[in-house]
Each structure stands twice: as structure tokens, then as C-alpha cells.
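Here the structure is laid out as C-alpha cells; the discussion comes afterwards.
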Amino acid sequence: MGKNKNGLGLFLNIFLTMTKFGFFAFGGGYAMIALFENEFVSSKKWITHSEFMDVVAIAESTPGPIAINVSTYVGYKLKGFWGSLVATTGMCGPSFLLMYLVSLYYDQFMANRFIYAAFKGIQVCVIFLIASAGIKILKKIKKTPANLSVLIITGIGMIAVSLFSLEISSVVFILFGAAVGIAVYLIDSKKKGRA
Amino acid sequence: MIFLQLFLTFLKAGAFTFGGGYAMISIISASVLSYGWMTEEELLSFLAVETVIPGPIAVNMATYVGYEQGGFLGALIATIGVVLPSFVIILIIASLLKNLMKYAGVQAFLGGMHPSISGLILATAATMGLKIFFGLKTVESALHFDIKSIGVMALVVAISLTWKKIKKKEISPIILIVVSGVMGIILFL
């Protein structure tokens, strides 16, 4: 990098690195964390290992795609606001462009009966991928009565919403979970206070 | 005002997409279906197409729905809407609140979301399964078993379990997508 380290060269470097990841971002955000670590920590030394682990924890628990959150953070760390803007644009650019191109020809594309049949098969695979993502999060949760009740209420609630065409947004269930989390925390800290 | 509708719909989805893109499907599909931007069948086949495009589901979905409803500008506005909440939140954390995650209250709030996110994602898979395997869209729909789809699912599950047993690690989703695509051509053509 040499003399480019603090100039426009770094912006370009950030942009191209994120674009590269944007093109190969298959398999969801979790799959990308190992690739990110390799590039940002080991090879480019943009961020230390322990800070990277903090960033991943933040990215997982704040809204938005994990890959985008990590790139926004790393961009900010290197070059402030403009760094984060360049990094985020670089990360989203490839999927935006590819998806835009697919959108232009989507109907012709799906009119091909081979492609249509292949995607009918892939539809089934999507169910499997979604279910395994849900199970992955499920495994990480502490199995307390409160957590399990929230899980079951949300799960059954959302299936009912779909089957009975109810007008309840899933946001309601997410906020309900957060409220239970805070209530349990307040009750626990009160108990500890008394003991 | 379609651009404002697109922007606000995807802004909301971006603000509540915790735990990866799949949690977003249930949020976004409710709006997309109620505005009539997509039918249920179109949504299901879009999710299949989306898996072969790299990048976050959120961005892919915003780009496609935005384009369909408002051309290039629609795609751009929807994508900016979906990315904006996380961009702003991460900027605030990176600049001001580096220790945010260390507060117990914040952890309790975020930790409480995880069980409901897991429930949400599993319910999304279950409702898609009910539709595709049994034809159950609402309680009134007639039961219709799709043996071919159930067969593809059995194969996908069998391959991934065997892989895990022999190789001791998770199979790449790319392999499963290719296998199910080939099975689709064999069975549904």
C-alpha cells in the first residue's frame, strides 16, 4: 500500500475489497464471517482480532444484513463517514447490479421451462435452508422457560397469521420477545438486589 | 406515491431484520402481498431465484420489488431504504457507543429477540412447507400432497445429514441448491 495508505488509494482499496466480497456473498452472512476475518484481520490488518469479534457480535445483534453491518463498521474505522459509505456501497453494489439485470429479463427467464422446473426444485431447498437457519439460532438460545415460551408463541402465532390471513405484523412478535427479555432481566436484578 | 411506499416498506424491513435475511421474509412478504406487488406463487419462486444471486436477501428483494414497481429509480430507492437503518445504527455504534454491547439492559433487550427471531424463521419455513408440500395456503384450502416436492426435500435432508456424519461439517448450500435444481428439472419438466 505504501504512500496510498491515507489517500484516495485507501478508499479505492476499501471499495474494491467490499465489491469482491459482494460478488461472492453466497450462503448468507454467517458463511462470510470467516472470509472477512481472513481478509480484514490476517491479510490487510485493518482491524485487530478482538475488535473484529466485537464487530461480529454487534453486527449479529443489530438489524440489517450481517455482511453489510461489518463492512459499514470497518469502513468507518478506516476512513470515517465516507469510508463507511464507500464500504457499504461496495458491498451492496454487486447484488444490486446482478439482481437488477435479472429483474430486466425475469419474465423471459422464468418462461423457459427448464429454468422454471429447476427453480421449482430449488424452492424446496429454500425451505430446508430457512429451517436450518432457524435451528442454528435455536441452538444458541439459552433454554429458559421465558425463552422457550417466546419461541413457541412466535412460532405458532406466525403460522396462525399465515393460515388464517390475520393482520399481525411479525414486528409485533419481535418486540414482544424483546419486552420479555427486559422483563426477565428486571425481575432477576431485583431478586439479586434483595439477596 | 409508489416511491414513498417502497421506501417506507423497505425501511421498516431493514429496521427489523435481526438475525439474518431469512427473518426478513415474513416482514417483507406481508407488505408485498398486501400491496399486491407479488402473488404468493411469485414470492415463492422469487425466493428460489434469489438463492442463486450473491448478496444479502434484503438487497436482492428490494432491488427486484423496487424494479418491478418503479423501474430503476424504484430499485434504487427500495435498496437505499433497506440498507439505511443498519447503516445509521452501525455508524452511531462505531462513533459513539463502542461499549453499547456491554450494558446488561441492551443485552437483555437483544437477547429477548433471539427466541422470537428463531420462532419467526421456523414459522416461515413451516408455512412455506405447508403451501408447497400440502397445498395449504389458508385453513380453507383443500389438502393436496405434492409427492415430487416432498421427495426433493427428503433427498436434500438425507444428503445433508449424511454429509455431516461423514465429513463432520456442514454441507455447502451451493451443493444442495445444485442438487435440488437438477432434481427439479428431472421431476417437474
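Here is the naming used below: chain letters follow the sequence lines, and residue numbers restart at 1 for every chain.
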Exercise. For side-chain contact (heavy atoms from CB on, under 4.5 Å), just list the numbers for A:Y106 and B:S45, CA-CA rounded to whole Å, side-chain angles, deciding distance to a tenth of an Å, and then say yes or no.
Key: CA-CA 11 Å; A:Y106 191 82; B:S45 64; 3.9 Å; yes

Practice problem: Please test B:F109 against A:Y185 for side-chain contact (heavy atoms from CB on, under 4.5 Å), starting from the C-alpha separation and ending with a verdict. | Solution: CA-CA 9 Å; B:F109 180 83; A:Y185 164 72; over 6 Å; no

Quiz item: Who wins among A:L104, A:I153, A:D188 for the most heavy-atom pairs under 4.5 Å with chain B?
Solution: A:L104

Quiz prompt | Per-residue contacts, residues 177-189 of chain B versus chain A, heavy atoms under 4.5 Å | solution = B:I177, B:S180, B:G181, B:G184, B:I185, B:F188, B:L189

Quiz item: With a 4.5 Å heavy-atom cut-off, do A:I127 and B:M153 have their side chains touching?
Solution: yes

Exercise. Would you mind listing the cluster partners of A:I156? Hydrophobic ones only (ILVMFWY), side-chain contacts under 4.5 Å, chaining allowed.
Key: A:I152

Quiz item: Between B:V152 and A:F114, is there a shared hydrophobic cluster once you connect ILVMFWY residues whose side-chain heavy atoms come closer than 4.5 Å?
Solution: no

Quiz prompt | Non-hydrogen side-chain atoms of A:L163 and B:T127 separated by less than 4.5 Å | solution = no

Self-check item: Distance (rounded to the nearest 0.5 Å) between B:F16 CZ and A:S169 OG
Solution: 8.0 Å

Practice problem: Taking atom NZ of A:K143 as the centre, report whether more than 12 heavy atoms of other residues, nucleotides or ligands fall under 6.0 Å from it. | Solution: yes

Quiz item: When clusters are formed by joining ILVMFWY residues with side-chain heavy atoms under 4.5 Å apart, either directly or through shared neighbours, do B:W37 and B:L33 land in the same one?
Solution: no

Quiz prompt | Minimum heavy-atom distance between A:T154 and B:G119, given as atom pair plus value | solution = CG2-C, 4.2 Å

Self-check item: Donor-acceptor contact present, side-chain B:S118 to main-chain A:G134, <3.5 Å
Solution: yes

Quiz prompt | Interface moiety of A:S165 toward chain B, non-hydrogen atoms closer than 4.5 Å | solution = side chain

Exercise. Tell me, for A:I141 versus chain B, whether the close heavy atoms (under 4.5 Å) come from the side chain, the backbone, both or neither.
Key: side chain

Practice problem: Tell me, out of A:S103, A:G155, A:P94, who's got the most heavy-atom pairs with chain B below 4.5 Å. | Solution: A:S103

Self-check item: hydrophobic_cluster_shared for A:F164 and B:L130, side chain cutoff 4.5 Å
Solution: yes

Quiz item: Just wondering, do B:L91 and A:F81 contact through their side chains at under 4.5 Å, heavy atoms?
Solution: yes

Practice problem: Flag the one option from A:L129, A:V184, A:I68, A:T88 with the top tally of heavy-atom pairs under 4.5 Å to chain B. | Solution: A:L129

Quiz item: Is it the backbone or the side chain of A:S84 that comes under 4.5 Å from a heavy atom of chain B, or both, or neither?
Solution: both

Quiz item: Which value, rounded to the nearest 0.5 Å, describes the distance between B:I117 atom CD1 and A:L138 atom CG?
Solution: 12.5 Å

Exercise. Could you pull out the closest heavy-atom pair between B:L47 and A:V126, with the gap in Å?
Key: O-CG2, 3.7 Å

Quiz item: For chain B, which residues from residues 115-125 of chain A have at least one heavy atom closer than 4.5 Å to it?
Solution: A:A117, A:A118, A:F119, A:K120, A:G121, A:I122, A:Q123, A:V124, A:C125

Exercise. Test B:I27 against A:I174 for side-chain contact (heavy atoms from CB on, under 4.5 Å), laying out the working first.
Key: CA-CA 10 Å; B:I27 298 177; A:I174 296 179; 4.3 Å; yes

Exercise. Give the member of A:N147, A:V180, A:L186, A:L98 that has the highest number of heavy-atom pairs under 4.5 Å with chain B.
Key: A:N147

Quiz item: Do you know which of A:G75, A:G177, A:G157 has the most heavy-atom pairs with chain B at a distance under 4.5 angstrom?
Solution: A:G177

Quiz item: Measuring from B:S116:OG to A:F176:CZ, what's the distance to the nearest 0.5 Å?
Solution: 8.0 Å

Practice problem: Classify the ring geometry between B:Y67 and A:Y100 as parallel (under 30°), tilted (30 to 60°) or perpendicular (over 60°). | Solution: perpendicular

Quiz item: With a 4.5 angstrom heavy-atom cut-off, which part of A:K139 approaches chain B: side chain, backbone, both or neither?
Solution: side chain

Practice problem: Test side-chain contact (heavy atoms from CB on, under 4.5 Å) on A:M110 and B:V49 and set out the steps. | Solution: CA-CA 9 Å; A:M110 290 306 272; B:V49 174; 3.9 Å; yes

Quiz prompt | Atom pair CD1/OH of B:I89 and A:Y73 - distance to nearest 0.5 Å | solution = 15.0 Å

Self-check item: Residue-level contacts of residues 75-85 of chain B with chain A, using a heavy-atom cutoff under 4.5 Å
Solution: B:A75, B:L76, B:T79, B:V83

Quiz prompt | Residue part contacting chain B, namely of A:V102, when any heavy atom lies under 4.5 Å | solution = side chain

Self-check item: Atom pair CZ (B:F87) and OG1 (A:T89), whose distance is rounded to the nearest 0.5 Å
Solution: 7.0 Å

Practice problem: Mind listing the closest non-hydrogen atom pair of B:N60 and A:S95 along with its distance? | Solution: OD1-CB, 3.3 Å

Quiz item: Taking all atoms of both residues into account, what is the closest heavy-atom pair of B:H114 and A:I137, and its distance?
Solution: O-CG2, 4.0 Å

Self-check item: CD (A:Q108) with more than 12 external heavy atoms under 6.0 Å
Solution: yes

Quiz item: Hey, what do you get for OG (A:S162) to CE (B:M128), rounding to the nearest 0.5 Å?
Solution: 11.0 Å

Quiz prompt | Linked, directly or transitively: B:I171 and B:I166 (ILVMFWY side chains, under 4.5 Å) | solution = no

